[in-house]
Each structure stands twice: as C-alpha cells, then as structure tokens.
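Below is one structure; the comments refer to it alone.
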Number of protein chains: 2
Amino acid sequence: MEKNDNTQERILSSARKVFMLKGMAGARMQDIADEAGINKAMLHYYFRSKEILFEMIFEQSLAQFFPRITGIIDAEIPFFEKIENFCGAYLAMLQQNPYLPLFVLNEVNQQPDYFKEKFWKNKDSLFLKFAELVDTEVTSGNIKPVKPAHLFINMISMCIFPFIGKPMFMMSSGMDELQFRYFIEQRKTEVAKFIIGSIKK
Amino acid sequence: MEKNDNTQERILSSARKVFMLKGMAGARMQDIADEAGINKAMLHYYFRSKEILFEMIFEQSLAQFFPRITGIIDAEIPFFEKIENFCGAYLAMLQQNPYLPLFVLNEVNQQPDYFKEKFWKNKDSLFLKFAELVDTEVTSGNIKPVKPAHLFINMISMCIFPFIGKPMFMMSSGMDELQFRYFIEQRKTEVAKFIIGSIKK
DNA sequence: CTTTGCGTTAACTATTTGGTTAAACCACTT
DNA sequence: AAGTGGTTTAACCAAATAGTTAACGCAAAG
C-alpha cells in the first residue's frame with residue numbers, strides 16, 4: 001500500500017521533468033514512463049489521461065511561479081529592502097527551477113483562457129500590492145515619480161529573463177555553466193542595486 | 001510560372017503564423033495547409049518535410065530576432081542616445097512581431113546544439129560590441145562602474161520580457177489590449193530613461 | 001489540336017502516439 | 001493452500017498526423 005505512493009510520486013516527478021523540458025505538445029507519455037522506469041499503462045492507471053497529468057504538473061508549477069513572497073512585500077521594512085529581498089529570493093527560487101519560467105509562460109500563452117480560471121484563485125495579486133506600495137513611496141516623496149507598472153515589469157523581467165534566454169546569452173557571451181551560475185549569483189544583489197539606483201532621489 | 005511564387009510565399013507566410021503560435025511540436029501540417037487555403041500535399045511539394053519547412057521559418061525568425069541594429073551601436077552619437085535608440089527601435093520591432101521572442105527562445109532552448117551552428121554565422125555579436133562600448137564609457141568616467149553583462153541583460157530583458165509575459169501581466173494588472181499597446185508605447189522611452197537613470201553619474 | 005510538364009488535388013500509406021485490456025504478479029487474509 | 005484485491009505488465013487498439021502517389025488541370029509549346 002506504499003508502492004502506491006512511491007509510484008505515484010515517481011510518475012509526478014518524471015512528468016514534471018519531461019513536461020518542463022518539452023512542454024505539453026512536445027512531451028511523450030512514453031518518455032515519462034521511461035523516465036520513471038515503469039510501464040506506460042501505469043500513467044493511465046494513476047492519472048487517466050495526459051491532459052490530467054499535465055494539469056497536475058502545471059498547477060504545481062503555477063503555484064511555485066507566483067512566489068508566496070508576499071511576506072516580503074508586507075513586511076515592516078523599508079521599501080528598498082523589500083526590493084532587495086524580493087530579487088534575492090526570487091532569483092534563488094528560479095536558480096533551483098531554471099526551466100520553470102519558460103514552461104509556465106509558454107503554456108499560459110498557449111491557453112490563456114484556461115489559465116484565467118486557475119489564476120484568479122490567486123486573488124491577492126502581487127502586482128496590485130506592489131503598485132500600491134510604489135504609489136505610497138512616490139506620494140511620500142521617498143522615490144522619484146515612477147510608474148508602478150513599468151517598475152514592476154522591469155523588476156520581474158530582470159529576474160526571470162536570464163533563465164529564459166540562458167542558452168542564447170551563454171553562446172553570445174561565451175560563458176560556461178560555472179560562469180553563468182556566478183553571474184546569477186551576482187544578480188541577486190545587482191538587480192536590486194540597479195533598480196534602486198534608478199529610482200532613489 | 002508565377003503561381004509558383006505565389007503559392008510558395010503563401011505557404012511560408014502561413015507556416016510562419018502557425019509555427020509562431022504553436023511552436024514546432026505543436027504545429028500541424030494540416031493547420032498550415034488550411035491557413036494557406038491549399039492542399040496538404042503542396043507543403044511537401046514545395047518543402048520536402050515539416051522539419052525543412054520549420055528550418056526556413058526558424059532561420060528567418062532568428063535573423064529578425066537579432067537586430068541589424070548594429071548600426072545604432074556603431075553610430076557616432078553619445079552613449080545614452082545609443083541606448084535610447086536601441087530600446088526604441090527594438091521595442092518597435094517586437095511590437096510588430098509580438099510572438100517572435102517566445103517562439104525563438106523556445107526553440108533555441110529545445111535544440112541548443114542546432115542553434116549553435118546557425119548562430120555563429122552572426123560573428124559580430126551584439127553583446128561583445130555592447131560590452132566594449134560600456135567598458136569605454138566606464139573607463140572614461142562617463143558612467144558609473146557597471147558590469148557590461150548585467151547592463152546588457154537588463155536592457156534586453158526589459159525590452160523582450162513584456163511580450164513573453166504579456167497574457168500573464170495583462171491578467172494580473174487588469175489591462176486590456178489597448179492599454180497594453182499604450183504601455184509598450186511608453187516603454188519605448190521609459191526603458192532607456194530607467195537605464196540611464198541608474199548608470200549616469 | 002495535340003503534346004508536354006509543372007502545379008494541384010483526393011485518396012491513400014506508414015508511423016507515431018495516447019489510451020485500453022486481459023492476464024500476471026504479489027502482498028495479505030482466511 | 002486458496003482466495004482477494006490492489007498493482008503491474010505486454011500486447012493491443014484507435015486516432016492523429018507526417019508523408020506519398022496517381023490522376024487531373026491547364027497553360028504554353030509544338
């Protein structure tokens with residue numbers, strides 16, 4: 001009765017790996033079975049269809065992608081520290097899930113409607129909270145009069161994009177794996193520094 | 001003898017549309033044929049296989065994705081103006097090819113090896129030129145001592161990412177198509193302003 | 001008018017791939 | 001030892017999909 005858990009877990013783990021790398025359309029049930037070292041029929045025994053299995057993985061991924069870093073934004077610390085903490089934490093998470101962004105964004109672009117339903121469970125939009133925060137800081141004259149939407153996208157872009165463009169960037173810059181790792185390590189402080197440098201008075 | 005050109009062109013145009021939207025794995029030959037309003041056999045008459053047709057589109061896309069904006073970087077204008085021109089021009093191009101980034105980056109991530117060959121034709125790496133330029137500016141004390149790699153990725157990220165994360169961002173911010181269009185219009189100046197604000201002394 | 005050859009189509013084939021089934025397996029109960 | 005029920009497998013099926021073929025259309029050449 002614990003084979004169950006074991007196998008189910010192995011399937012989910014393998015499915016995550018394959019879906020992340022190949023996407024819904026590119027993933028093959030056989031590949032997932034092979035990766036898990038089991039018979040393909042098992043996939044359908046535990047999860048009725050490819051679509052259902054995919055949804056499991058996608059929802060997990062979605063939950064991870066939207067950081068529960070809301071804590072950082074709500075914390076009783078100065079605005080600049082919030083930015084520093086957010087960028088550091090988000091980059092660290094992405095470092096451990098490097099394929100997450102391209103996977104999620106790809107599938108969201110593929111089925112925006114389906115995503116719309118799942119997404120709005122997450123009622124406390126990170127963006128809206130951030131925008132509120134920025135407006136407050138602008139009004140109190142603590143930072144330059146920046147537009148929250150742009151600042152938000154700028155921050156998110158600079159955190160996420162390096163992982164999406166990794167192979168392309170590595171080739172055009174000549175970096176190897178180790179150097180890229182170090183590059184991301186630097187960004188954990190550099191991104192916040194860059195942002196703050198631009199908005200501080 | 002000009003039906004030839006006409007049909008071939010229609011196929012390429014339809015293929016571009018479908019591949020952009022669905023990617024290599026998700027695209028169906030039948031869809032491309034339907035989109036072009038022709039028989040599926042024609043696809044194989046003009047382009048032997050799906051793979052060959054895909055390569056045509058992919059190489060075109062790659063060429064577009066790497067801007068020939070080298071002109072902007074080589075121009076005899078102040079560094080800050082180069083940044084302004086680059087961001088403006090690149091955003092304008094992306095605005096007319098909104099699906100280009102996700103398509104290209106996706107396929108590059110899928111087959112980095114194949115990409116490696118095709119890519120290095122483009123020997124004059126935009127990144128290397130940019131890095132050189134930044135180093136010069138830093139040395140002459142015109143800007144703060146920033147790391148070229150970070151500055152480059154920051155700039156590229158802020159230009160490209162909005163198009164990759166568009167549906168997600170639109171939902172979490174509540175923007176509609178028109179507002180998003182205006183948002184991008186603003187970014188044509190805002191991104192450069194943001195960057196310059198951070199690196200100017 | 002007939003011939004020639006490229007362009008085009010409908011129908012077909014081969015392969016891939018998601019999904020099913022019936023039997024075997026295995027731990028546990030009686 | 002036989003039975004029971006969840007788990008696993010090999011073999012199979014059906015749908016989707018890339019690719020092929022043989023015949024047709026038709027404009028230009030003869």
Side-chain angles (χ1 to χ4, degrees), chain A residues 1-61 99 103 106-107 109-111 113-114, chain B residues 1-61 99 103 106-107 109-111 113-114:
Chain A
M1 304 298 173
E2 65 172 342
K3 269 184 173 178
N4 186 321
D5 280 13
N6 209 322
T7 305
Q8 190 160 333
E9 214 31 69
R10 273 237 303 285
I11 291 177
L12 282 172
S13 169
S14 304
R16 193 175 307 121
K17 203 181 228 171
V18 174
F19 277 131
M20 284 279 183
L21 249 43
K22 305 281 189 169
M24 169 62 173
R28 296 293 102 103
M29 291 298 263
Q30 189 60 59
D31 293 342
I32 297 176
D34 291 348
E35 177 74 33
I38 57 167
N39 190 291
K40 182 168 63 99
M42 295 296 283
L43 301 180
H44 292 93
Y45 180 75
Y46 284 98
F47 308 89
R48 284 212 311 284
S49 68
K50 182 184 182 183
E51 213 180 353
I52 291 174
L53 182 53
F54 173 78
E55 282 190 22
M56 294 275 175
I57 302 303
F58 183 63
E59 284 190 42
Q60 282 182 8
S61 304
Y99 297 106
F103 170 65
N106 221 25
E107 301 302 334
N109 269 276
Q110 214 58 220
Q111 323 190 359
D113 301 328
Y114 163 78
Chain B
M1 300 301 176
E2 65 172 340
K3 267 184 173 180
N4 185 321
D5 279 13
N6 210 322
T7 305
Q8 189 160 335
E9 213 31 69
R10 274 237 303 286
I11 292 177
L12 282 172
S13 170
S14 304
R16 193 177 305 121
K17 204 181 227 170
V18 175
F19 277 132
M20 283 281 184
L21 247 43
K22 305 283 189 167
M24 168 64 173
R28 296 292 100 105
M29 291 298 263
Q30 189 61 59
D31 294 342
I32 296 175
D34 291 348
E35 177 74 32
I38 55 166
N39 190 289
K40 182 167 64 94
M42 294 298 282
L43 302 181
H44 292 93
Y45 180 76
Y46 284 98
F47 308 89
R48 282 211 314 283
S49 67
K50 182 183 181 184
E51 212 181 352
I52 290 173
L53 182 53
F54 173 78
E55 282 190 24
M56 294 275 176
I57 302 303
F58 183 62
E59 284 188 44
Q60 282 182 8
S61 305
Y99 297 107
F103 170 65
N106 224 20
E107 301 302 335
N109 269 275
Q110 214 58 221
Q111 321 189 5
D113 300 327
Y114 163 76

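The chains referred to below are lettered A, B, ... by the order of the sequence lines, with proteins before strands, and numbering in each begins at 1.
- Here A:Met42 lies in heavy-atom contact (under 4.0 Å) with a base.
- As a whole-Å value, the separation of B:Ile11 CD1 from C:dT8 C1' is 11 Å.
- Within the model, atoms CD of B:Glu51 and CZ of B:Phe58 stand 12.5 Å from one another, a figure rounded to the nearest 0.5 Å.
- Neither OP1 nor OP2 of C:dT16 sits under 4.0 Å from any side-chain N or O of A:Arg28.
- Nearest to the side-chain atoms of B:Met29 among the listed nucleotides C:dG18, D:dT9, D:dA18 stands D:dA18.
- Distances shorter than 4.0 Å separate some side-chain N or O of B:Tyr46 from OP1 or OP2 on C:dT8.
- Nearest nucleotide to the B:Ala41 side chain, out of D:dT21, C:dG19, D:dA10: D:dT21.
- Residue B:Thr7 has a polar side-chain atom (N or O) positioned under 4.0 Å from OP1 or OP2 of C:dT8.
- At whole-Å resolution of the value, CG in B:Asn39 and P in C:dA10 are 6 Å apart.
- For the pair A:Leu53 CG and C:dG18 P, the interatomic distance rounds to 11 Å; values are reported in whole Å.
- Other residues, nucleotides and ligands contribute only 12 or fewer heavy atoms inside 6.0 Å of the OH atom of A:Tyr99.
- Between A:His44 and C:dT20 there is no side-chain polar atom (N or O) within less than 4.0 angstrom of OP1 or OP2.
- A:Tyr114 places a side-chain heavy atom less than 4.5 Å from the side chain of A:Glu55.
- Among the heavy atoms of the strands, none lies under 4.0 Å from A:Ala33.
- Side-chain atoms of B:Lys50 stay outside donor-acceptor range of the base of D:dG19, with no qualifying N/O pair under 3.5 Å.
- A:Lys22 places its NZ atom 13 Å from the P atom of C:dG18, with the value rounded to the nearest Å.
- Distance CD (B:Glu51) to C1' (C:dT15): 15 Å, rounded to an integer number of Å.
- Rounded to whole angstrom, the span from the CG atom of A:Asp34 across to the P atom of C:dT17 amounts to 12 Å.
- The 12-atom threshold is exceeded at CE of A:Met20, counting heavy atoms of other residues, nucleotides or ligands nearer than 6.0 Å.
- B:Arg10 has its CZ atom 9 Å from the P atom of C:dT8, to the nearest Å.
- When only modelled atom types and interatomic distance are considered, B:Asp34 and B:Gln30 share a side-chain donor-acceptor pair under 3.5 Å.
- Taking atom CZ on A:Phe47 and atom C1' on C:dT20, their separation rounds to 18 Å, with Å as the unit.
- Nearest-nucleotide mapping onto DNA chain D: of A:Lys40 and A:Tyr45, the residue sitting toward the 5' end is A:Tyr45.
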